[in-house]
Number of protein chains: 2
Amino acid sequence: MPYVAAYPSAVDNATHYHATAEAIGEFMNSDAFSTKQRIIDAAEHLFASHGFAGASLRQVTSSAQVNLAAVNYHFGSKENLINEVLRLRLDKLNADRLETLKTALAAPSLRLEDVLAAWIRPALAASAQEKGGMAFVRILARAYVEQSEHLRTFLHQNYGHVLRDFIAALGRLLPTLDKQELYWRFDIITGALTFAMADYGMIKRRNLGAEQYRDLTAEHLIKFAAAGLRAG
Amino acid sequence: MPYVAAYPSAVDNATHYHATAEAIGEFMNSDAFSTKQRIIDAAEHLFASHGFAGASLRQVTSSAQVNLAAVNYHFGSKENLINEVLRLRLDKLNADRLETLKTALAAPSLRLEDVLAAWIRPALAASAQEKGGMAFVRILARAYVEQSEHLRTFLHQNYGHVLRDFIAALGRLLPTLDKQELYWRFDIITGALTFAMADYGMIKRRNLGAEQYRDLTAEHLIKFAAAGLRAG
DNA sequence: TTAGAATTCAAACGTGCGTTTCATACGTGC
DNA sequence: GCACGTATGAAACGCACGTTTGAATTCTAA
């Protein structure tokens, strides 16, 4: 009968069931092994590599080893599934950003690089997350590109305050910089970040691990962005 | 019988027919009014706003006011149409870039900003082109995001030399900068540019015309990028 | 003017899509 | 043990897709 949740919020792994070693295998239908979660994991990967339109529910459910009808049962529709997939990761990303910014602001001395790091590092961390992080970030870039006004307003309404906080912090550190100019430059930074997150560049990873690569990317981006912001 | 062209190259408006005022209307099947061209124009717009997977041939042919079968007749398949749409614009963009770079290199004094301008301005000009330029550039960003390895190698093989020329020019202007470091930074710049091209940013255009907006964007990008490249 | 090629057209092809249905299995409280 | 809400399953729905077909039309050149 369900997908009742007329307004869905995150994966409702409400059954906060503490799995012991023996219990695993007896009750697979919880937490990370639930049908819902398996669908979300599979959807993240497939949306990321084939796009929202390009990835079919048959691919998703097959990859998740779940019945085709499960998506409509648990999420109501494909579109709701897409929203769910986005919301889950975005909530965490922006919470991370705000927390990192707060910590930076509380420190005795605040440098431009600290604010930029609070914007950039959580994003790249999300993209390097063990389970489908890369996928999420490609989804994000794709969402930008798919450019549906609906999604744009969704992002603005739900995470606009995060943006405002960062702009304000940067503005305080660059008191002589024109407000409009600051908007432009932050826009540039975010564009570069989005591409960097998705690993679209031409840079070869060489023999670096994912973590080292992520840290290197962050380092370069922060340095570059700081110099750009300070440009006369 | 045709789409014979086993290897398609640009729109074969081979019939270089000089239209006089009276002739227009008599022979609509040439140049800008040909079925092929109408399909390409419509496809650019629809691919840009709905994605390659999201835009159907029925939408394309309907928008082009052309029979459904025309795409398969003239292009062979949807995929060939996509390639054609990309190639046409990319050829021009990269030719423009190389020409602008050549001019800059021939000038008595060469600044970092000149090389950056040669990379950035033609791209933004393409995006502000009267007929579907904006669409093209969204397609490009989308192509990046869709991330098919096939397309990536296509871009690399066909336009890799352009990239190399620019990197070389920048390298000469920044002799103290590490090569790897240069790659990283050029990557960042191109990411930012791609987003700027597609107008994905949050900046409001205000009451600017497309040209002024494009020029402003270029100005900001070049300034920012130059500062970033020069960062110690 | 006319044969032959190039193009357009309406219609249909098979395939895969998102979604719905309804029957069956499972889990939990009485 | 039974009943009832929850979840899964197999199958089908109607629809839109890319592509193909073969006839009708238009163009071109002898």
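Predicted model, so just to flag it, every value in this text is computed and none were measured.
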*Under 3.5 Å for both distances, Watson-Crick or G-U wobble, that's the pair rule; now give the dot-bracket for DNA chain D, with | marking pairs to another strand and [ ] for crossing ones.*
|||.||||||||||||||||||||||||||

*Classify the angle between the aromatic ring planes of A:W184 and B:Y213 as parallel (below 30°), tilted (30 to 60°) or perpendicular (above 60°).*
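Judged by the thresholds at 30° and 60°, the geometry between A:W184 and B:Y213 is tilted.
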
Distance below 4.0 Å between [X] side-chain N/O and [N] OP1 or OP2:
X: A:T35; N: D:dT8; result: yes
X: A:S56; N: C:dC17; result: yes
X: A:H74; N: D:dT6; result: no

*Please confirm whether the backbone N or O of A:Y159 pairs with a side-chain atom of A:N94, one donor and one acceptor, at under 3.5 Å?*
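Looks like no, no N/O pair under 3.5 Å.
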
*Hey, does the side chain of B:K78 reach the backbone of B:F52 with a donor-acceptor pair shorter than 3.5 angstrom?*
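Indeed, once roles are kept as given, a pair shorter than 3.5 Å links the two residues.
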
*Start with the C-alpha gap between B:R87 and B:D91, add the side-chain angles, then the distance that decides, and say whether salt bridge (charged side-chain N to carboxylate O under 4.0 Å, His left out) holds.*
CA-CA 6 Å; B:R87 186 202 317 277; B:D91 281 351; 5.4 Å; no

*Length of the line joining B:I82:CD1 and D:dC17:P, which is rounded to integer Å*: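 To the nearest whole Å, that distance equals 14 Å.
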
*Does the side chain of A:E79 come under 3.5 Å of the side chain of A:N83 through a donor N or O and an acceptor N or O?*
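The answer is no; no qualifying pair exists.
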
*Can you see which heavy atom on A:R121 is nearest to which on A:A218, and at what distance?*
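Smallest heavy-atom distance, with atoms named: NE-CB, 4.0 Å.
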
*Taking the six-membered ring for Trp, are B:W119 and B:F186 ring centroids under 6.0 Å apart?*
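Ring centroids of B:W119 and B:F186 are less than 6.0 Å from each other.
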
_Run B:R89 and B:E44 through salt bridge (charged side-chain N to carboxylate O under 4.0 Å, His left out) and show every step you take._
CA-CA 10 Å; B:R89 297 273 182 171; B:E44 276 191 325; 2.5 Å; yes

Please enumerate all protein N or O atoms sitting under 3.5 Å from an N or O of nucleotides 19-21 of chain D, with distances to 0.1 Å.
{"residue": "D:dT19", "atom": "OP2", "partner": "B:N72", "partner atom": "OD1", "Å": "3.2"}
{"residue": "D:dT19", "atom": "OP2", "partner": "B:K78", "partner atom": "N", "Å": "2.9"}
{"residue": "D:dT19", "atom": "O5'", "partner": "B:N72", "partner atom": "OD1", "Å": "3.4"}

